[in-house]
*Asks:* 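Got a structure for you, written out below as C-alpha cells; questions coming shortly.
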Amino acid sequence: MGSRARHLRLVPVVAAASVALAALLGARAGAVEEEHDPLGYVVDRAALDDPATVAEGAELFRIGCVSCHGPGGVGSPRGPAITDAGAASAHFYLTSGRMPHAGAPDEQARRKPPAYTHEEIEDLVAYVASLGEGPEIPDVHLEEGDLQEGGDLFRGNCAACHSATGAGGALSYGQHAPSLDVATPVQIYEAMIIGPGQMPVFSPEAFSEEELNSIVRYVETLQGLGDPGGFSLGRIGPIPEGFVALVIGTGGMMLTVFLIGRRRHGEAEPPSEPVRPADASTGAGR
Amino acid sequence: MSTDGDGRRPGANGPGGGERRTRRDDRAERLVVAAFTVSIVGALILAVVYIAGGQAQLEGVALALALGGIGLGIAVWARYFMAADEVVEERHALASTEEEVTAFTAAFEAGEQTLARRGLLAKLGLGALGALGLAALFPIRSLGPRPGQGLKNTAYGDGGRPLRLVDADGVPIRPADLSRSSLTTAWPEGHEHDADASTLLLQVDRERFRPLPGREDWVVGDIVAYSKLCTHTGCPVGLYQTELDLLLCPCHQSTFDVLNGAEPVFGPAARPLPQLPLDVDEEGFLVATGDFSAPVAGGFWDRGRT
Amino acid sequence: MTAAGALTKATPLSRRTARWLDARLGAASFVRKALDKVFPDHWSFLLGELALWSFVILIATGVYLTFFFDASVEEIVYQGSYVPLQGVEMSRAYASALDLSFDVRAGLVMRQVHHWAANVYLATTVVHLMRIFFTGAFRRPRELNWLLGVGMLILSIVNGFVGYSLLDDQLSGTGLRIAYNIAISIPVGGTWLASLFFGGEFPGPDLIERLYVIHILLLPAVIIALLGAHLALVARQRHTQFSGPGRTERNVVGERVWPTFAAKGTAAFFLTAAMLCALGGLAQINPIWLYGPFRPAEVSAASQPDWYMGWLDGALRLWPSWEIRAFGFELPTPFYPSVLLPGVTFALLALWPFLEARITKDRREHHLLDRPRDRPLRTALGVATLAFYTVLFFGGASDVLAVTFQTSVNALFRAFRTALLVLPPVAGFVAYRLCRELARRDRPGATDEAPAVAPAAPEDGASHRRAIEPEDEPERDPASTAGVPRG
C-alpha cells in the first residue's frame, strides 16, 4: 500500500496530529518473532533423531502426558492415541500451547503460551515422532508461495471457518475456528497437513507443497497487512461496525443535539406577546 | 459548553436587551473564535494532506476538524448570543372552514357534471387509460426469463450421461486425491462457474456411514457427494467439523449430519443437502451418474413438482 | 429592475440580491413570515434533523463515489496497488471499488464516510421514529406524515442493502444470494419475481447494473420526494410541543426560526458531518479487500448484514425449521421470518396511528405531546416491540457472540429463542409498572388543571423545564391525557 510510504513523508508536515495516528496506523499485529526463527520452528529438527533427546522426551511424556494419552501414546478414555501423530502434530500442539490441555477432554484446546521450554518441546516432539509413522515438521518456504494464489485458496478453503480476514469464527456445539492472528508459518502449515481438532486435512494428495506455501504466505501477509481504514474493529464484519454506528455515531450525535437543543437553565424568558395573527395565519414555515 | 446560567442577566440577549458583556460572554466568544480557527486549520491540514499524497486517517480527522469547528462555533454562538426568549404563536385550525369546503365541493361537482354529460366518453377515456396501464406492464416481462426448470436442475442432469467432477481449475478428480477428513469442492466438468452446481466431496468413515435406502451405490468407496448449498437460503455449507462429521452453514448455523444423508440436525434448514450419485469412469475419475437427489439451495413453492 | 431606483452604491449586496430575487419571485413577505415562524424547543425535536443531515452527507459522498465506481460484472484481472489481489480475476465493479479504496486520493475516506453515514442515518431515523411513537406525535393530524416516514424507513433499509451489495465482494454476494432465496420462497409469484429482478437465476448477468440504477437513481429519487413531502407537512401542520405552562393545543411556544433555530440546525448539520468524517477516517468499515471477489461456491465465517438488516438475519436464524408441504407444493422456511415477519412488522407500524385511534376512540387533533408515562399501555407495547426486535438483532450476531464470549452457538440459539418469547412481555410489563409508578408520583398535590395561558412570571423557566424534561412534574394539561384510559 503506497499510502503508508506517502504518509511517512507527511510526518514532518503535520507532526503533532500525525504522531498518534501513525502509531495507530503502524500498529502491526503479532509478529514478535525472534530474528533467527521467523517461521516459528522453535526446535532443532536435526536433533529429533538423537536417542538422548528421545529419552528425555519419554521422561517428560511419562510425567505430563501419560495420564491422558496413555503409556506409549496408545490413548485412554481421556485422550486420543497419538502413536501416529508425528512430529508435526506434537510440534503444533506444544508450540501453540494447546497441549497440555487444560479443560475437560471433550473441550476444545485453546491457544495459550507454551507450557514447556524450547528444549522440552524438542524432547517431547522427538519422543512422539519416535512412536510411529506420522508427518514430519514441514519445510516452509514462504518465497515459493504465490501470494495471489494463496489468497484464492484461502478464501476457497479456509475462509468458511476462519473468516476471510483470518479472525476465526464459530462452529457448532461450542467449537470454534481460532483466529490466525498469531499463528506462525510453521503452525499454519502443520495445521493444514494434520487437521487438528475439527479441522479438515488439506492433504498432500489434494494440495501441492507450493499451494500450501502460498496459503501460509497469504495468512502471513494478512497478519502484517495493517488497516488502511483506521481501527480494524476486530475485522469481524458488520456486527462491531453496527455497534460503533449505534453507540458512538448515533449515541454521540444524540448527546450533541441534547447539548445544542437543551434550554439554558433558569434564564428562559417569559413568553413574549403573540406574534401578529396575520403572520401566523399562512401556515407556511415551521 | 458549560451548563448553567449563573452570571447571566435574564434578557441579556433578548431583542432590544442591552448588550452588557459578562465574563461568560467573553469566554463564549473566545470559544467561538477558537472553534472557527480550528475549522480553518482543519481545512488547511486537509489541503496539505491531499497535496502530499493523501492519507485516510489524516483526511478524516482534518475533515472532522474543519466541519466540527464550524458546527461547534455556531452552536456556542447560538447558545450565548442569540435570542433564547420564548415566543408564542397562535396555531390555526388546519381544516378549512365549512364555507370553503362547500365552495370547493360545488366547484368540483359542477365540473364533474360537465364530464358526466358525456358519460360514455368519460368511461371510454378511463378504459383507455386502464388499458394503457396494463400495456405498460408488458415491458417488465423483458427483465428476466420465465422461471423454468433451471431452479430444479443443475448441469449434472443436463446431458443425460455421466459427467466428471472437476476442481476449480477444471482438473478431474480421482478418488485417491481425497483423504479422510478432507474437504473438496467440485463442479461438473465444463461448468466450473455454475452457481448452483458446487459439490462437496467427503471421505467418510464407512463403518458409521448410513447411506439412505436406495442410495447404497451412490458412493464410491467411502466418498460421498452432497450439494454445497444450504437448503435454507443457499449459502455454501463450507464448514466441515471432521470429528463430529457435521457440516455447518456460516450464514444461519444450519447443521447437517454427514453420516446420515446430510439430514439437518440443528438450525433453520428443513431439508437435507441433496446427494449426488457418484461413480468412477474407465479412466478412474469421479463422475456423477445423474443430477442431485433434489433441487439444490433454498425451497420454492413448486419445488416438488416436476 | 423595477426597484433599481431605490438602490444606491451603499446598499449591501445581500439586500440587493434580495431585491433582485423578490422582483422575480415576489417571495419577500412569504419568506419573512417563514423566518418569523416559531419552532418548539426541545432537544428531541432535533433527532429527525440528525437523520436529515446524515442523508445529506450520504448524497454528497455518494455522488463523489459514482464518479469512480464502475457497475459492471465484466471479468477483468486486477492490476491496482493492493498487492494481495494483483492478478486475481474479478468484476469491474469490485475492481473499481478497490481502486476507490487504494488508488483514488481521498477515495477511501469518502467510501467509509458514505458507509458510516448510511449506518448512522438509519439509526437516527429509528431513534426519531421512537420519539414520535412514544410521545404520540403520530396522532391526528399527523398520520400522513407518519406514513411518509415509515415509507422512507423501508426504502432506506432496502437502499442500504442494495448499496453494500453493489461492490461484488464475497460478503455482498452472500447477502444477494440470501435475498434471492428469500424471493423464491414467496409462494407462486416468488420465482417470477426473482427471475425478473435478477434477470434469470442467481447471480444473474446484469444484477450489478440493475442494483446500481436502483441505488443511485430510483430509490434516492423516491426517498427525496417523500422527504420533501415529509418536511412540507411539518411546515404546514407546525411542530408538536410538550405540554407546559403557556402551551396549549392552540399555540406554538418556542424560538423563532431565524436566527436561533436556524443556527442550531446548521450547527447540528456540521457536527453530524464532523462525526461521520471522524468515523470515516478513524474506524475501518467494510474492508472489501479482505473479503475478496465474489465466488458463488465460497463463503466466509461471520457473514452478516449491516445492522439495520440484523433483525431479519436474526429472524432467519432463530425461526424453527418449519416447512409446510402438500401435493408437491411447499411453503419454505425462509418465507415466515423474512417475508411474513417484515410484512407484518411494517404493516402494523404504518397502520399504528389508525389502530390506536380505533382502540382509544380518540380522533381529536393533538398538538401537545404525551409523555411516555402518560400512556402506559402504548409505552409498554412499544418497549415490548423494541425488546422483540432487539433479541432478533442479537440473534443475528449469534456466531460472533459465541466466539466473543466463548460459548456454544447452539446454546445461544436456545437462549435467544426463549428470550424472544419471554423478554418482550417482561420488558413490556416492567415498562408499564414504571409508567404507572412515575405517573402516580406526579399526581399527589397536582392541580389537575393547568391554566390555559400561564402568567408571565420569572419562575416560568424553572417550571417549564420540568415540563419538557419530566421528572416530578406536578402540573398536567388535561387536554393531553384525555381520551385514553389510564391503564
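A note on names: the letters A, B, ... follow the listed sequences, proteins ahead of strands, and every chain is numbered from 1.
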*Asks:* If you apply the rule side chain to side chain donor-acceptor pair (under 3.5 Å), what do you find for A:R111 with A:Q187, and how did you get there?
*Replies:* CA-CA 11 Å; A:R111 187 180 189 99; A:Q187 287 166 351; 2.9 Å; yes
*Asks:* Can you tell which part of C:P40 gets under 4.5 Å to a heavy atom of chain A, answering side chain, backbone, both or neither?
*Replies:* neither
*Asks:* How far apart are the closest heavy atoms of C:L401 and C:F394, and which atoms are they?
*Replies:* CD1-O, 3.6 Å
*Asks:* Applying the side chain to side chain contact (heavy atoms under 4.5 Å, CB included) test to C:N119, which of C:I285, C:L279, C:T124 qualifies?
*Replies:* C:I285
*Asks:* Which bit of C:F413 is near chain A, if near means a heavy-atom gap under 4.5 Å: side chain, backbone, both or neither?
*Replies:* neither
*Asks:* Less than 4.5 Å to any heavy atom of chain C: does that hold for the side chain of A:S172, its backbone, both, or neither?
*Replies:* both
*Asks:* Can you say whether A:R217 sits under 4.5 Å from chain C via the side chain, the backbone, both, or neither, judging by heavy atoms?
*Replies:* neither
*Asks:* With a 4.5 angstrom heavy-atom cut-off, which part of C:V299 approaches chain A: side chain, backbone, both or neither?
*Replies:* both
*Asks:* Check each atom of A:I236 against the heavy atoms of chain C and say whether the ones under 4.5 Å are side chain, backbone, both or neither.
*Replies:* both
*Asks:* Between A:M254, A:R110, A:E149, who has the most heavy-atom pairs with chain C when the cutoff is under 4.5 Å?
*Replies:* A:R110
*Asks:* Fit a plane to each ring of A:Y218 and A:F154, take the angle between them on a 0 to 90° scale, and name the class: parallel (under 30°), tilted (30 to 60°) or perpendicular (over 60°).
*Replies:* tilted
*Asks:* Measure centre to centre between the rings of C:F45 and C:F242, then say whether the value is under 6.0 Å.
*Replies:* yes
*Asks:* Please classify the contact of C:V127 with chain A as side chain, backbone, both or neither, using a heavy-atom distance under 4.5 Å.
*Replies:* side chain
*Asks:* Using non-hydrogen atoms only, which part of A:L222 is less than 4.5 Å away from chain C: side chain, backbone, both, or neither?
*Replies:* side chain
*Asks:* Indicate yes or no: does C:E49 engage C:K264 in a salt bridge with an N to O separation below 4.0 Å.
*Replies:* no
*Asks:* Counting only heavy atoms closer than 4.5 Å, note whether C:A402 contacts chain A via side chain, backbone, both or neither.
*Replies:* side chain
*Asks:* Tell me which of these, C:Q112, C:Q406, C:R111, has more heavy-atom pairs under 4.5 Å with chain A than the rest.
*Replies:* C:Q406
